[in-house]
2 protein chains.
Amino acid sequence: MGVQFPFFMKKPITISDIAIKLDISKSTVSRALKDHPDVNPETKRRVKALAEKLDYEPNLLASSLAKKQSNLIGVILPEFNRTFFSSALEGIQHVARANGFNVIICQSNEEFENEVLNTKMLASNKVAGILMSLTLQTEDFSHLRKLQDKNIPFVLFDRVADNVDCPKVTVDDFQGAYQVTSHLIKKGYKNIAHLSGPLGLSISKKRYEGFMKALDDHGFDQANAQVYECKLLNEDAYHSARKLLELNKDRPDAIFCVSDYVAFEAMRCIRDLGLRIPEDVALAGFTNDPATNYVTPPLTTMEQPAKLIGEKACELLLQHLKSEEHSEFPHLELPTNLIERGST
Amino acid sequence: MGVQFPFFMKKPITISDIAIKLDISKSTVSRALKDHPDVNPETKRRVKALAEKLDYEPNLLASSLAKKQSNLIGVILPEFNRTFFSSALEGIQHVARANGFNVIICQSNEEFENEVLNTKMLASNKVAGILMSLTLQTEDFSHLRKLQDKNIPFVLFDRVADNVDCPKVTVDDFQGAYQVTSHLIKKGYKNIAHLSGPLGLSISKKRYEGFMKALDDHGFDQANAQVYECKLLNEDAYHSARKLLELNKDRPDAIFCVSDYVAFEAMRCIRDLGLRIPEDVALAGFTNDPATNYVTPPLTTMEQPAKLIGEKACELLLQHLKSEEHSEFPHLELPTNLIERGST
DNA sequence: TTGTACGCGTTATCAC
DNA sequence: GTGATAACGCGTACAA
């Protein structure tokens with residue numbers, strides 16, 4: 001006999017309620033409400049008027065169940081707390097909403113296990129599709145294959161994996177790094193170092209490659225290039241910077257950092273050593289986090305169109321949802337934009 | 001006859017599939033899967049084994065429909081892009097997940113209209129409840145009343161409204177402001193100004209009041225206190241700071257800013273005027289944004305336990321969901337924590 | 001143009 | 001301990 005509503009709880013209005021009051025059938029109400037073509041304009045008007053009056057709200061759960069397609073798009077992010085991701089989220093939400101979809105988000109917290117759990121949860125919630133940026137730990141992709149088996153389409157953005165076959169959206173990291181490095185070279189710096197991220201991570205690797213290529217193209221000797229690898233967003237960045245800066249003879253006069261936050265740590269370190277920016281050491285980052293504007297001196301960096309990345313990723317997913325032709329999976333590489341500030 | 005699955009789409013496993021293969025009824029399968037007490041341990045084992053083997057995933061849509069209660073909690077935030085909110089979100093998600101709920105988030109973008117649309121969407125998705133932080137524009141609360149009519153419980157956090165009756169979680173803004181101001185006084189500053197937010201906003205008002213009270217309690221003349229109101233997060237902050245700093249005779253030797261971002265703007269302004277921090281003008285903010293650590297000098301500020309606020313808000317909602325006694329609506333005011341840095 | 005009837009996958013009630 | 005069966009609210013072939 002179903003669940004009883006507690007006495008204090010008004011039973012929500014349903015299409016049947018409207019049907020009964022108007023003495024027509026549920027189907028007609030359903031059709032009227034969703035602007036089905038074959039329905040008398042007059043009935044449509046009456047239905048809509050009553051729906052409005054009764055403050056009817058469709059039950060999307062029931063609708064999704066019947067249509068086997070929900071209006072929810074799942075998003076899995078490593079962290080909400082980083083400007084890049086929250087901006088991307090903004091873009092995702094924007095496009096999703098414009099197309100009648102809602103967004104349900106999860107945080108993997110950079111842990112692989114959470115990522116797997118999240119994909120399961122989203123699958124259980126029968127989301128229409130998933131947008132995700134992988135964990136730093138992710139090396140096993142069986143959870144993604146399961147999604148494919150269940151025919152839940154997904155798009156990877158920013159943190160993508162080469163050996164997963166799906167639509168992808170990233171920034172042109174190679175070009176971006178190439179440009180920052182060229183900028184440093186043009187500014188006249190002679191001994192340019194790179195504080196890189198884990199080279200197993202595709203983003204870090206591409207930035208590293210862009211850096212090396214720029215050196216080479218400008219007649220620098222790649223073999224002499226000082227590259228220190230560090231874990232992202234960690235005290236580790238500080239220590240790597242320290243090692244780099246304590247080289248006496250060979251101290252770099254400029255450092256290209258793999259991310260703004262790594263650059264901030266390097267900045268702290270440079271100050272701690274009593275050096276000046278950019279006179280003694282110039283510094284460039286990557287991402288254009290809002291904080292780059294507030295540090296002293298403001299940080300030169302590559303702007304990543306985070307919001308645009310989110311929008312594009314969401315658009316790819318929606319395209320995929322509409323056409324059943326998944327012939328080729330596109331990989332969008334968006335351009336970055338150099339922002340020169342006082343640190344170089 | 002319902003929707004046909006496209007040929008390429010595997011039909012998802014359901015409890016009926018399991019029931020048929022095991023030659024038992026759906027009901028038993030359902031019970032076994034959710035550890036209902038009245039079910040033979042052996043059947044339970046067999047059901048679970050098969051479910052595992054077939055990679056069965058429950059359809060939460062159907063479940064929610066049947067139970068008239070979804071496992072989704074809606075969250076409406078003014079912006080994702082601010083550390084405070086994304087941290088709060090983290091807390092919310094944490095508690096939600098620990099209790100078997102998922103989070104569906106929306107962004108009002110500081111626009112009232114979006115806020116209203118969001119509440120409707122979430123209601124349509126039949127969320128179990130809603131957590132929200134109001135827009136700066138929000139003055140009309142009829143959308144919240146509608147939620148109450150539909151018996152969708154909600155909790156307000158951070159940006160709350162006095163004349164809405166519901167559980168609330170905020171920080172003790174009055175005390176926080178009182179403490180920062182007292183800190184400035186103890187440091188020996190004599191002419192302390194306040195760059196406040198819009199006084200219509202309860203947060204700004206309370207911080208303003210805490211500021212004034214601290215002055216009064218330490219024998220300062222409230223009437224002489226320089227308070228400049230500015231819109232939050234705007235160029236407006238810069239201009240207000242400028243006006244304040246261009247007072248020749250009466251230039252403050254310390255400024256308590258309503259937020260860290262306002263303080264960053266003030267900082268820019270102070271530098272533009274060729275003044276030193278904290279020698280000429282000391283500066284304190286509010287929130288403890290990560291960037292406070294990277295500016296020069298690092299900013300003294302009040303730490304707001306953003307994540308904790310999110311957790312508490314979510315806990316209040318879950319409590320409310322469990323007990324139908326909504327006798328009293330609690331208002332939690334969490335303590336803040338002074339973080340002294342180089343700017344004072 | 002409208003109505004009938006059934007299915008979506010799960011849960012809950014009631015009888016056995 | 002288990003099995004029918006009727007909801008939950010909506011969408012949609014098919015008939016009228």
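In what follows, chains are A, B, ... by sequence order, proteins preceding strands, each numbered from 1.
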(Q) Measuring to OP1 and OP2 of D:dC10, would you say a side-chain N or O of A:Ser16 lies under 4.0 angstrom away? (A) no
query = Between A:Tyr56 and D:dG9, does any side-chain N or O lie under 4.0 Å from OP1 or OP2?
reply = no
Exercise for the section: Answer yes when B:Asp35 and B:Lys48 have at least one side-chain N-carboxylate O distance shorter than 4.0 Å, and no when they do not. Expected result: yes
Indicate, with a heavy-atom threshold strictly under 4.0 Å, whether B:Asp38 touches base, sugar-phosphate, or nothing. base
In whole angstroms, the gap separating P of C:dG7 from CD1 of B:Ile15 amounts to 16 Å
- Query: Is there a donor N/O on one and an acceptor N/O on the other, under 3.5 Å, for the side chain of B:Lys67 and the base of C:dT10?
  - Reply: no
| said: Taking only side-chain N and O atoms of A:Lys68, does any of them lie within less than 4.0 angstrom of OP1 or OP2 on D:dC10? | reply: no
Hey, does the side chain of A:Lys44 come within less than 4.0 Å of C:dT1's phosphate (OP1/OP2), counting only N and O? no
Hits for side chain to side chain contact (heavy atoms under 4.5 Å, CB included) against B:Thr135, two or more places apart or cross-chain, chain-then-number order -> B:Ser108, B:Glu110, B:Glu115, B:Gln137, B:Thr138
Does a nitrogen or oxygen in the side chain of A:Ser25 sit under 4.0 Å from OP1 or OP2 of C:dT2? no
**Prompt:** Does A:Ser64 place a side-chain N or O at less than 4.0 Å from the phosphate oxygens OP1/OP2 of D:dC10?
**Reply:** no
Within the 3.5 Å criterion, strictly below it, is a donor on B:Asn118 or A:Arg97 matched to an acceptor on the partner's side chain? yes
Out of C:dT10, D:dT2, D:dC10, minimum distance to the side chain of B:Pro58 belongs to C:dT10
C:dT11 phosphate, OP1 or OP2: any side-chain N/O from B:Ser30 under 4.0 angstrom? yes
Between CG of A:Asn59 and C1' of C:dC8 the distance, given in whole Å, is 13 Å
Run the salt bridge (Lys or Arg N to Asp or Glu O under 4.0 Å) test on B:Asp165 and B:Arg145 for me, step by step, so that the C-alpha distance in whole Å, both residues' side-chain angles and the decisive distance to 0.1 Å come before the verdict. CA-CA 9 Å; B:Asp165 205 27; B:Arg145 302 241 164 66; over 6 Å; no
Side-chain-base donor-acceptor pair under 3.5 Å for A:Ser27 and C:dT4
yes
* Check whether any side-chain N or O of A:Ser63 sits under 4.0 Å from OP1 or OP2 of D:dG11, and answer yes or no. => yes
